[in-house]
Amino acid sequence: MSFKALILVVFALAIAHADSNSEVDALHAWKITLADPNNVLQSWDPTLVNPCTWFHITCNSDNSVTRVDLGVAGLSGPLVPQLGILANLQYLEVYGNKISGSIPQELGNLTKLVSLDLYHNRLSGSIPATLGNLRSLRFLRLNSNRLSGKLPDSIIQLINYGHLQILDISNNRLAGRVRATNKTGLAITTVVQDPKAHY
């Protein structure tokens, strides 16, 4: 191997290492904000090169995080903006906990996200319009929280792109009606709105 090729390999490994460390840093930043009475996050060791050996984490062949599965885990605390750097994340499953605070607008950076399940928590504030950037999203379940305001038009547009199949925003404090039809023929979207919403 030539010296130039060796330099390129070392550079590529350094980039991969930096990316992996950024995912470790992001997830660890989240962990330290959470109350975890059942110790479900005890394997989340920030000294590791990547988080692929952690429980509740799934990675792809490049050791990049693709799933976070923390449904009904007894967790309380906030979501953190750092989650927005998990560039290859496809599933964020954090339902059935006591997650509170607002939904970070940085989640709109997760453009490979297929499923965002934050239902049955204590989230409050508005639904960020940046979630409309998630063109690959098929399942968006935010029901049974304390969200308020109106559903952003950018999220309604996700229905028109033909990928969003389930949009559940019921049992919140949202206002307005959802009027959306999918004209693409690519998917049938079910929109569940709170029947008690203020119109």
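Only this structure's heavy atoms are used, side chains among them; waters, hydrogens and symmetry mates stay out. A quick note: this is a predicted structure, and the numbers were derived from the prediction, not measured.
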Problem - Salt-bridge criterion met for D117 and R141 (N-O under 4.0 Å) - result: yes
Exercise for the section: Could you go through the side chain to side chain contact (heavy atoms under 4.5 Å, CB included) check for R146 and R122 one step at a time? Expected result: CA-CA 6 Å; R146 301 169 182 174; R122 298 176 180 177; 4.1 Å; yes
Handout entry: From CG (L142) to CG (N171), nearest 0.5 Å
Key = 12.0 Å
Fill in the blank from the handout: Grouping ILVMFWY residues whenever side-chain heavy atoms fall under 4.5 Å, the cluster of Y91 otherwise contains V114
Exercise for the section: Kindly say whether N121 contributes a backbone atom to a donor-acceptor pair with the side chain of N145 at under 3.5 angstrom? Expected result: yes
Handout entry: Contact check, side chains of I127 and P152, non-hydrogen atoms, under 4.5 Å
Key = yes
Exercise for the section: Please check if the side chain of N88 supplies one atom and the backbone of N60 the other of a donor-acceptor pair under 3.5 Å. Expected result: no
Practice task
Check whether any side-chain N or O of N133 sits under 3.5 Å from a backbone N or O of L131 as a donor-acceptor pair, and report yes or no.
Solution key: no
Handout entry: Residue pair L86 / L110, side-chain heavy-atom distance below 4.5 Å
Key = yes
Exercise for the section: Hey, could you give me the CG/CG distance between L140 and D168, rounded to the nearest 0.5 Å? Expected result: 9.0 Å
Exercise for the section: Measure the shortest side-chain to side-chain distance between K112 and S136 over non-hydrogen atoms and say whether it is less than 4.5 angstrom. Expected result: no
Fill in the blank from the handout: Tested for side chain to side chain donor-acceptor pair (under 3.5 Å) against S115, the lone hit among R67, Q165, E93 is E93
Exercise for the section: Please identify each residue that fulfils ring pair (Phe, Tyr, Trp, His ring centres under 6.0 Å) with W30, with sequence neighbours left out. Expected result: none
Practice task
Find out if a path of hydrophobic residues (ILVMFWY) with successive side-chain heavy-atom gaps under 4.5 Å connects L27 to I85.
Solution key: no
Problem - Sub-4.5 Å side-chain heavy-atom contact between L167 and L151 - result: yes
Exercise for the section: Working to the nearest 0.5 Å, report the span between NE2 of H28 and CG of L48. Expected result: 11.0 Å
Exercise for the section: Measure across S64 and C52 and return the closest heavy-atom pair with its distance rounded to 0.1 Å. Expected result: N-SG, 4.4 Å
Handout entry: Gap separating the CH2 atom of W54 from the NZ atom of K31, nearest 0.5 angstrom
Key = 7.5 Å
Problem - Any donor-acceptor pair under 3.5 Å from W44 side chain to V24 backbone - result: no
Exercise for the section: Specify the closest pair of heavy atoms between L92 and L89, including all atoms of both residues, with the distance to one decimal. Expected result: CB-CD2, 4.0 Å
What pairs of donor and acceptor atoms, side-chain ones from residues 96-104 against any protein atom, are under 3.5 angstrom apart with sequence neighbours left out?
from, atom 1, to, atom 2, distance (Å)
N97, OD1, A73, N, 2.9
N97, OD1, G74, N, 2.9
N97, OD1, L75, N, 3.0
N97, ND2, L70, O, 2.8
N97, ND2, V94, O, 3.2
N97, ND2, Y95, O, 3.1

Exercise for the section: Would you give the length of the straight line joining atom CG of L134 to atom CG of L164, rounded to the nearest 0.5 angstrom? Expected result: 10.0 Å
Practice task
Could you check if a side-chain atom of L79 sits within less than 4.5 angstrom of a side-chain atom of L123, using non-hydrogen atoms only?
Solution key: yes
Handout entry: Path from Y119 to L174 over hydrophobic side-chain contacts below 4.5 Å
Key = no
Fill in the blank from the handout: One should read off an interatomic distance between L137 CG and L158 CG, to the nearest 0.5 angstrom, of 6.5 Å
Exercise for the section: For atom CG of D153, decide whether the heavy atoms of other residues, nucleotides or ligands shown that lie under 6.0 angstrom number more than 12. Expected result: no
Practice task
Check whether any side-chain heavy atom of V65 sits under 4.5 Å from a side-chain heavy atom of P51, and report yes or no.
Solution key: yes
Practice task
Report yes if the side chains of R173 and L147 come closer than 4.5 Å at any heavy-atom pair, otherwise no.
Solution key: no
Problem - Whether T66 side chain and T58 backbone form a donor-acceptor pair below 3.5 Å - result: yes
Handout entry: Check: T47 main-chain N/O paired with D45 side-chain donor or acceptor under 3.5 Å
Key = yes
